[in-house]
Participant: 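Here it is, the structure in full.
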Amino acid sequence: MIAMQPVKIEAIIRPEKFEEVKRSLEEAGYTALTVYEVRGRGEQRGIELEYRGHRIRVELLPKLKLEIVVPSIEDAEKAARIIMEAARTGKPGDGRIFLIPVLKAYKIRTGEETP
Amino acid sequence: MIAMQPVKIEAIIRPEKFEEVKRSLEEAGYTALTVYEVRGRGEQRGIELEYRGHRIRVELLPKLKLEIVVPSIEDAEKAARIIMEAARTGKPGDGRIFLIPVLKAYKIRTGEETP
Amino acid sequence: MIAMQPVKIEAIIRPEKFEEVKRSLEEAGYTALTVYEVRGRGEQRGIELEYRGHRIRVELLPKLKLEIVVPSIEDAEKAARIIMEAARTGKPGDGRIFLIPVLKAYKIRTGEETP
Amino acid sequence: MGIDAAATAWLLASTAMVVFMTLGLGFFYGGLVRRKNVVATIALCFLSLAIVSIQWIIIGYTLSFAPNTLGGFVGDLRYALLNNVDGSPAPGTGIPHILYAAFQMAFAGITLAILTSAFAERVSLGGFMLLAVLWTTLVYDPVAHWVWGGGWLGSFVKTVTGATPVDFAGGTVVHIASGFSALALALVVGKRLGFGEHEFPPHNIPLTLIGAAILWFGWFGFNAGSALAANANAANALMVTHIAACAGALSWGLLSWAKTGRMGSLGIASGAVAGLVAITPAAGYVGPLAAIIIGAAAGAACYAALSYRLRVGLDESLDAWAVHGVGGLLGAILTGVFAEKAIGGVAGLIEGNPAQLAAQVLGALIVMAYAFTVTYLLGLLVDKTVGLRVTETEEYLGLDIVQHGEEAYSFGE
Amino acid sequence: MGIDAAATAWLLASTAMVVFMTLGLGFFYGGLVRRKNVVATIALCFLSLAIVSIQWIIIGYTLSFAPNTLGGFVGDLRYALLNNVDGSPAPGTGIPHILYAAFQMAFAGITLAILTSAFAERVSLGGFMLLAVLWTTLVYDPVAHWVWGGGWLGSFVKTVTGATPVDFAGGTVVHIASGFSALALALVVGKRLGFGEHEFPPHNIPLTLIGAAILWFGWFGFNAGSALAANANAANALMVTHIAACAGALSWGLLSWAKTGRMGSLGIASGAVAGLVAITPAAGYVGPLAAIIIGAAAGAACYAALSYRLRVGLDESLDAWAVHGVGGLLGAILTGVFAEKAIGGVAGLIEGNPAQLAAQVLGALIVMAYAFTVTYLLGLLVDKTVGLRVTETEEYLGLDIVQHGEEAYSFGE
Amino acid sequence: MGIDAAATAWLLASTAMVVFMTLGLGFFYGGLVRRKNVVATIALCFLSLAIVSIQWIIIGYTLSFAPNTLGGFVGDLRYALLNNVDGSPAPGTGIPHILYAAFQMAFAGITLAILTSAFAERVSLGGFMLLAVLWTTLVYDPVAHWVWGGGWLGSFVKTVTGATPVDFAGGTVVHIASGFSALALALVVGKRLGFGEHEFPPHNIPLTLIGAAILWFGWFGFNAGSALAANANAANALMVTHIAACAGALSWGLLSWAKTGRMGSLGIASGAVAGLVAITPAAGYVGPLAAIIIGAAAGAACYAALSYRLRVGLDESLDAWAVHGVGGLLGAILTGVFAEKAIGGVAGLIEGNPAQLAAQVLGALIVMAYAFTVTYLLGLLVDKTVGLRVTETEEYLGLDIVQHGEEAYSFGE
Ligand SMILES: Nc1ncnc2c1ncn2[C@@H]1O[C@H](COP(=O)(O)OP(=O)(O)O)[C@@H](O)[C@H]1O
Ligand SMILES: Nc1ncnc2c1ncn2[C@@H]1O[C@H](COP(=O)(O)OP(=O)(O)O)[C@@H](O)[C@H]1O
Ligand SMILES: Nc1ncnc2c1ncn2[C@@H]1O[C@H](COP(=O)(O)OP(=O)(O)O)[C@@H](O)[C@H]1O
C-alpha cells in the first residue's frame, strides 16, 4: 500500500458535535463529507442509570457517522486529529474513528479517477 | 497486512434478527457495535409473488447493517461465525457479511489509537 | 492483494438517479446491492444561492449511498463505469464512487465464504 | 314531537364527530403497527366506515331499528333502503329520522373498525371485506336491535332479573360486541409471524397519540350525542365522559409507573380510552364522582387484561379485547352499580336496586356470548372460503406494499 | 326573521369545521409531495386561508354577496370592510349576518387552497401571494356572486334553459372554479423538474390520510352547514355527504384493485374526496340512494381523469383538476339528474325536468370557462411580472429550505 | 332563566373543541422538541388535562366559581365535589350548570398545558405532577375567581380606575397566567444542556402544524363558546377570532420574511396563535377591523418577544411566555383600546373611555405579578423537595426513553 493511496475516514460522533466537527474540518480545508444517522454502543454497552428504583440500560444511542475520503494516510491522520479535538467531551460515548483503505476513487460528474 | 491489523465487520441482516445477533455477540464479548437501517436486494432481486393474479416483485427489503471493528482478522472471523449462527433462518434474504481492512482506529474520548 | 480479492463499491449518487442506476447495473448482471439515505457536501460545500436579497448556502444535500460487493477489482471498475454513466447529469453534486478492499465475504443463509 | 332544532344542531355535530373518531381510530391503530403495515391498518378503518355505511342504508338500519320481526331477533324491513326515513322526527326523538339513522350509522361503522385490531398486520383485504358485510349484518345489527331497537333481549332480561338492562351509548352494543368479536377472530386467524419471538415495537407513537386525541374529542359526540338532545342529560354525559377518560389515563399511567418505573404515553392514552369505553354505557346514568371510579377501575382492569393477554401469548394485536371488551363489560356492570335515579331515571345497586346490576350482567353476558360465538363461526367461514389471512411471504413483506402497493414513508426523496 | 339560535349553534360549529378543513387540506397535500416541500405545501394552505380571509372582510364579501352592480358581475360595496354586517340576521336566514359572512369566508379560503395543487413543489411564494389576492378577487368573488349572490348567471341560464342552476354547497363555486383554475395554472407554470423521467412518490401517506380524515369531518360543516339551519335539510345533506364519500371510496378503491391488483389507500382517500366533491352541489337536493350513485360515479370518473392526466403527462400535481374539477362538474350535472322536489324543492331529469339538467350543465360550463380563462391570464400576468415559479436550483433544493428556511424532519437529533 | 337548548348545543360542541385543543397543543409542542422528547412533551399535555380535570371537580371549580370567601381570594366550598352542580342552569346563563363547569374545566386544563413550554425536554415527571396540582389550585383557581368568579380584583380595580376589567375568554386568566408562570418556571428550572452552544432544531414540523390546525379549530370553541350562547355575540367572537389569527399569521410571516428572507411555517403558525391569544380577551368586545389590528400587532409583538428571549439566552423553551404571555398582555390592553359599546357593552379608549384601558392594564399587571411570583415560589418548592428537573444523564438520554420507556419512532422495523 503506497503512501498516496486514498483513505476513507469513518468517524462516529455525538450528533450535537456535528456542527463543530464540520466547522473545524472546513477550516483545515476538508470540505467534502458524507454523513448519516446511526445508533451504537461502545464497550460500556450504552448507559445504565437508576430511575425510580428501577435500573435502566439504554443500549443504542443515536450517533452520526461521517465519511470523508482524503488522498493520503497523512491527510487522514490529520483530519482524524481535527475530528477528535472537535468531537471530544471526555465522557463515555464520544465515539471512534476508523481509517479504511480506498483502492480507487472516482468523480461521477467527470468520470475521472481522483487521487 | 499483518495479523493484528484491525478489521471491520459489516453484516447485513434481517431487522427482526438484530436482538438475537446482539445478544450472541455480547455473550462472546463483542459489545461495541454501530447499526443503521438500509435496504437491499440480493441475487434473487428481492421477492416475487403473485397477488390477485398480478405478479409483484418487491425489490428493496428493509435490512439492518451492523458494523463492528475488532482488533484482528481472527476476531473478525469468530464474530462473523457468531453473527451467522444468530442471523440465519435458512431462507433467501438472510444477508451477507463482509470483512474490511482497517488501517488505524482511534478512540475520540482519549484521542489514542486503539488496536 | 491478489486480483480475485472481492471489492466493495461505495457510490454516492443523486436520489432521483437511483432507479436508472439500479436498472443499468441489473442489465449488466449486478443485481445485489445495499442502499441507504445519506447527506453530503462535496468540494463546492453544497449550493449557494441568492434568495430575496439574502445569500443562502444549503450545505448538506440528500443523497443515496449504494454499496455493492463484487468478486474482483475488474468487476468493480466495470460496475463503477456503469454507475457513472447512469448517475451523471454533469452538474455539481453528481457524487463520488470509492472502491474498498474486502478481505472476506460470507453468505449468512449458507454460512459459506463467497468470492 | 316536532323537530327540536337545538337537538338537531347538536346531533349534526355529534354525527360528524363520531365519523371523525372512526377515521381517527385508524391513526391510533396505525401508529402501533410496524412501518410496513401502517397504511393497511389505517385503510381498514376507512374501509370499515365505507362498507358499513353502505350496508347500513341498504339493510343495516332497518335490521337494527325497525320494529321487531323474527321474535325480536332483528327489525323488519320497513326502513330498508332508508324507505320511510325522512326529515320527520325519528320515533320518540326530536331529531329528523334521517339524522338519527346517520348518527347510528357512525356507531355501526366504528364498531367494525375497532375489531380490526384482531388481525392487524396479517389480514387479507378480500377476506376482510367479506367478513365486514357478514359481521355487521349478523352480529352488529342484531345486537343493536336487541339493546336499542326493542328486540327480545330487554324483555327477556327483565323477565329473568326484574330489570331492563340499559346501555346509554354502546358499552354493550359497540364495545363488548367488538372486543369479544376481536377475541374470537384473533383465535381464528392466529398469531403474527414471530409473535412471542421478537418485539413488535410501535412504529410511530405520535401518530397513535393523534388518534387518541381524535378519539377523545369524538367521544363527546358519541356519548353526549346519545342523549339525542342538547339538554342536561347530554351535559352530564359530556362531563362524566371526560372525567372517566382522565381517571382512566391517570390510573393506567400511575399503575404502570408503580410497576415498571416508567409511565408510557401509550398507557396514558390506552387508559383514557379504557375510561371512555367504560363510561359509555353509564354516561347518562351516573354522576362525576362515579365517573372517577369507573374510569379508574377501567384503567386498572384493562391494564391487567392487556398484561394477561401478553402473558398467555394471545396475539389480539391492538387490544380491542383488553380495552373495549373488558372495559365495556366493566362499564356495563358498573352502570348497574352506580346508576342514579335522579340523573337518568335508573337506580343501581348503590341506590338499593340489585336487579339492575343483575340485568346489566345478564345483558352483557348474552351479547358477549353471541358476539364471540357467531364471530368465531363467521371467521372460520371466511377463512375456509376466501381466506382471512395473507400468505407468510405477504405477511413478511408487509400488507402496505402487497395489498395496497404503497410505502407509507418514502425512501430516497 | 329573527335570530334562530339553533341554526346559529350549528353554523358556528360548521364554520369552525370548514376552517379546519382548509388547514387539513394542507396535510392531505403535504403528505403527497417530496420531503423537501412538505412545509411549503402546508404553508400554502395556511396562507390561502389567511390572505383570503383578510381580503374577504375588506372587499370579498361585498363583491360576492352584496346586491348586484356592474350588471350582476359582482356585488356593490355596501358591505365593504364588513360595513352593515352585524349581529342582525343575514338576509333570508336566521343566523347573524356576521356569522354568514364568516361561514362564506371559510369557503373562499378553501377554494384558493385547493388550487395550490397546480404548482406544488415549484411555486414562488411572492408570486403565489400576489396571485392569491388577484384570483380570489377576480375569479372567486365574481363566481360566488353569480351563483349564490344573485348575479347575472341565474337569470341568464334561466332565460336560456328555462331553469335556474342550483349549487347547494359549492360544487360549481368551489370545486369547478378551483379545479379548472388549477388546470390553467398547471399549464402556465409547467411541469416539475424531472416529471415524466422519474417517480415522485408521496413522502408520508399517513399525513395525507390525516388530512383526508379532517376533510371528511369538515365536509359535514361544509355541506350540512350550507342548509343554514339545523333542520331536516341539513340532516339530509349530512347523510348524503357521508354516503357519497363512502361510495366514492369504495368505487375508486375497487376499480384500482380490479385494474392493478392493489387498492391504494390514496385511492380510497381520493375516492372519498371525489364523492364529497360530487355530492357538494347536490347535498340539499338528492336522497341517499342517489348519493350512492353520485359518489360511485365520482370515484370512477375522477380515477379515470387522474389516469388520463398521467397518461398525457400533465403535471397538475396534486389533482385538484381530476378530483375537484371533474368531480365538481359531474356533481353539478348529476344534481340536474337526481334532484328530488320533495327533498330540496328542485326536480331533476328523473322527475321529468330536463330543463334543470340543461341549467346545471350550462351554469357549470360558464363558470368552468370563466375560471379557466381568467386564471390562465392571471397566471401569465403574475409569471411575467413577479414570477410564479422558483429557479431550477431553488426547485432542486426544495421550497422548504429555500423559501421557508426549514427542514420538515430534523437530521441528527 | 331556563335551559337554552341552542346555547347548550353550542357549548357541548365548544367544550369538546377546547378539550381537543389541549391535546392538540401536545402536537404543537411535540413537533418542536428533539426526537428523544416528543412523547414526553405530548404526554405533559395529556397529563395536564387529566390532572387538572380531576382536581377541578374536586376543588378547582368551587374555588374558582363559588361565591367569595377569604375576602374574594377564592370561592367557597359549596361546589366542592361538584355538589349542587347539576342540570339546572348555571347562575346567569342558559346552560346546565354541569356543562358550565365542564367548559371551564377545559380552560383550566389547557392553561397548565401551555406552561409546560417552560421546562420542555428536562422536567421530571414526578415534579411536574406535584407542581400541576399546586399550580392549578394556588394560581389558576384564584386568578379565575378574581377575573370571572366575582373575586376581589374587579371591585378593587374599579375603585382604583373607575372601570371593571373585562376578559372575554381568558386573555388574562389563561394566557397571561400561563405565559408569565412559564417565565418564572424557566428561571427556576434553568436552561437545557447545550442551550446556547448548539442548535435545537424542531424534529417534526408537520406535527407542529397539525397541532396548530387543531388549536385554530378549537379556539372557536374557546372564544365563541365564551359567549355562553349561540347568538350574535358568539358570532362576532368567532369572526374576530379567525381574523386575528389570519392577521397574526401574516404579520409574523411577513416580518420574518422581510428580516431573514425566509418565511418559516413556524412563524406563520406562531403568528396565528399569537393573534388567537391576543383576541381572546377582546373577542366579545371588538369588531373585525380592530381584530386585524390586534392580530397584526400580536404577530409583531410576539415575534419581537421571541427574538428578545433568544437574544438574552433565556430557555423558556417553547415560547409560552413570548406568545401567550406577551400576546395575552397585549390583548388585555388592546381590549381597553378597541372595545365598542355596541358590540359587547364596554367602551374603550377610542370611544373615549380611558378608564377602561387603565382597568385593563391594572388587572393584567396584578395577575401577571401574582402568577409570576407564586409560580416562582411553587417552582422552587417543588424543585427543592421532589425535584423539578431530571439528572444530566437522563436529560442526555431523553425523557421518552427514561421516563416513558418509549421511543417515538421505531428503529429497525
Ligand atoms: N468497536 C466498534 N465497532 C463499531 N462501532 C463502534 C465500536 N466502538 C464504538 N463504536 C461506535 O462508537 C460509539 C461511541 O463509542 P464509545 O465512545 O466507545 O462509547 P462508550 O464510551 O459508551 O463505550 C458507539 O455508540 C458505536 O456506534
Ligand atoms: N453483493 C452484495 N453487495 C452488497 N449488498 C449485498 C450483496 N448481496 C446481498 N447484499 C445485501 O444483503 C441483503 C440480503 O441478501 P441475500 O441474503 O443475498 O438476499 P437474497 O437471498 O434475497 O438474494 C440484501 O438485501 C442486500 O442488502
Ligand atoms: N471526499 C469525499 N468524501 C466523502 N464523501 C464525499 C466526498 N466528496 C463528495 N462526497 C459525497 O458526494 C456527494 C456529491 O459530491 P460532489 O459531486 O463532489 O458534490 P459537489 O459537486 O457539490 O462538490 C456529496 O454530497 C458527498 O456526500
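Here is the naming used below: chain letters follow the sequence lines, and residue numbers restart at 1 for every chain. The figures here come from the full heavy-atom set of this structure, side chains too, leaving out hydrogens, waters and symmetry mates. Everything numeric here is computed off the predicted structure, so don't read it as measured data.
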Participant: Chain D: which of E:E199, E:M239, E:R34 shares the most heavy-atom pairs with it under 4.5 Å?
Facilitator: E:M239
Participant: Indicate the atoms forming the closest heavy-atom contact of D:L12 with E:A230, along with that distance.
Facilitator: CD1-CA, 4.1 Å
Participant: What residue, out of E:L207, E:N233, E:L238, E:T8, has the most heavy-atom pairs lying under 4.5 Å from chain D?
Facilitator: E:L238
Participant: In terms of heavy-atom proximity below 4.5 Å to chain D, should E:I292 be classed as side chain, backbone, both, or neither?
Facilitator: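 Looking at E:I292, just its side chain touches chain D.
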Participant: What option among D:A16, D:P96, D:G405 has the most heavy-atom pairs under 4.5 Å with chain E?
Facilitator: D:A16
Participant: Would you mind telling me which of D:G87, D:G211, D:A50, D:A102 has the largest number of heavy-atom pairs within less than 4.5 Å of chain E?
Facilitator: D:A50
Participant: Hey, does D:F46 have a side-chain heavy atom less than 4.5 Å from the side chain of E:W216?
Facilitator: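 In short, these two side chains touch, coming nearer than 4.5 Å.
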Participant: Non-hydrogen atoms of chain E under 4.5 Å away: do they reach the side chain of D:T15, the backbone, both or neither?
Facilitator: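 For D:T15, the side chain is the part near chain E, not the backbone.
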Participant: Return the minimal non-hydrogen interatomic distance between D:I98 and E:P288, and the atom names on each side.
Facilitator: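 Minimum heavy-atom contact is CD1-CG, 4.2 Å.
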Participant: For the backbone of D:S410 and the side chain of E:H203, can you confirm whether one donor and one acceptor N or O come within less than 3.5 Å of each other?
Facilitator: no
Participant: Kindly indicate whether the side chain of D:I214, heavy atoms from C-beta on, has any atom under 4.5 Å from the side chain of E:F217.
Facilitator: no
Participant: E:W219 versus chain D, heavy atoms under 4.5 Å apart: side chain, backbone, both or neither?
Facilitator: neither
Participant: Would you indicate whether the side-chain heavy atoms of D:F411 and E:P201 approach each other to under 4.5 Å?
Facilitator: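 No - every pair of side-chain heavy atoms lies 4.5 Å or more apart.
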Participant: Is any side-chain heavy atom of D:F27 closer than 4.5 Å to one of E:I210?
Facilitator: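 Side-chain contact under 4.5 Å: yes.
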Participant: Does any backbone or side-chain atom of D:I57 lie under 4.5 Å from a heavy atom of chain E? Answer side chain, backbone, both or neither.
Facilitator: side chain
Participant: What part of D:I42 is in contact with chain E, defined as an atom under 4.5 angstrom from a non-hydrogen atom: side chain, backbone, both or neither?
Facilitator: side chain
Participant: To check you understand the geometry: which heavy-atom pair defines the closest contact between D:A6 and E:A6, and what is its length?
Facilitator: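 Heavy atoms only, the tightest pair is N-CB, 3.5 Å.
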Participant: Less than 4.5 Å to any heavy atom of chain E: does that hold for the side chain of D:V402, its backbone, both, or neither?
Facilitator: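 Only the backbone of D:V402 comes within 4.5 Å of chain E.
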Participant: Restricting to non-hydrogen atoms, name the atom on E:P206 and the atom on D:A408 that form the minimum distance, rounded to 0.1 Å.
Facilitator: CD-O, 3.6 Å
Participant: Would you mind checking which part of D:L82 comes under 4.5 Å of any heavy atom in chain E, side chain (CB onward), backbone (N, CA, C, O), both or neither?
Facilitator: side chain
Participant: Do the side chains of D:H404 and E:L266 get nearer than 4.5 Å, heavy atoms only?
Facilitator: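 Not in contact.
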Participant: Please state whether the side chain, the backbone, both or neither of D:A7 comes within less than 4.5 Å of a heavy atom of chain E.
Facilitator: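 When you check distances to chain E, no heavy atom of D:A7 falls under 4.5 Å.
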Participant: Which heavy atom of E:A9 sits nearest a heavy atom of D:A9, and at what distance?
Facilitator: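 Looking at all heavy atoms of both residues, the shortest contact is CB-CB, 4.4 Å.
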Participant: For D:E406 and E:S265, indicate whether the former's side chain and the latter's backbone hold a donor-acceptor pair under 3.5 Å.
Facilitator: yes
Participant: What part of D:L47 lies closer than 4.5 angstrom to a heavy atom of chain E: side chain, backbone, both or neither?
Facilitator: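 For D:L47, the contact with chain E is made by the side chain alone.
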Participant: Please classify the contact between E:L254 and chain D as side chain, backbone, both or neither, with a heavy-atom cut-off of under 4.5 Å.
Facilitator: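 Only the side chain of E:L254 comes within 4.5 Å of chain D.
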Participant: Which atom names give the shortest non-hydrogen contact between D:A13 and E:W10, and what distance separates them?
Facilitator: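 Closest heavy-atom pair between D:A13 and E:W10: N-CZ3, 3.6 Å.
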Participant: A side-chain contact here means heavy atoms from C-beta on lying under 4.5 Å apart; do D:I51 and E:L250 qualify?
Facilitator: yes
Participant: To the nearest 0.5 Å, what is the distance between CG on E:N231 and CD1 on D:I3?
Facilitator: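 So the CG of E:N231 and the CD1 of D:I3 are separated by 8.5 Å.
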Participant: So for E:I268, is it side chain, backbone, both, or neither that comes closer than 4.5 Å to the heavy atoms of chain D?
Facilitator: side chain
Participant: Say whether, by atom type as modelled, one donor and one acceptor occur between the side chain of D:Q403 and the main chain of E:R262 under 3.5 angstrom.
Facilitator: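 No; judged by distance alone, with no hydrogens or angles, the pair does not exist.
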Participant: Taking the side chain as every heavy atom from C-beta outward, state whether D:L99 and E:N236 have any pair of such atoms under 4.5 Å apart.
Facilitator: no
Participant: Is it the backbone or the side chain of D:M17 that comes under 4.5 Å from a heavy atom of chain E, or both, or neither?
Facilitator: both
Participant: Is it the backbone or the side chain of E:P202 that comes under 4.5 Å from a heavy atom of chain D, or both, or neither?
Facilitator: backbone
Participant: Contact between E:I205 and D:Y409 at the side-chain level, heavy atoms closer than 4.5 Å - yes or no?
Facilitator: no
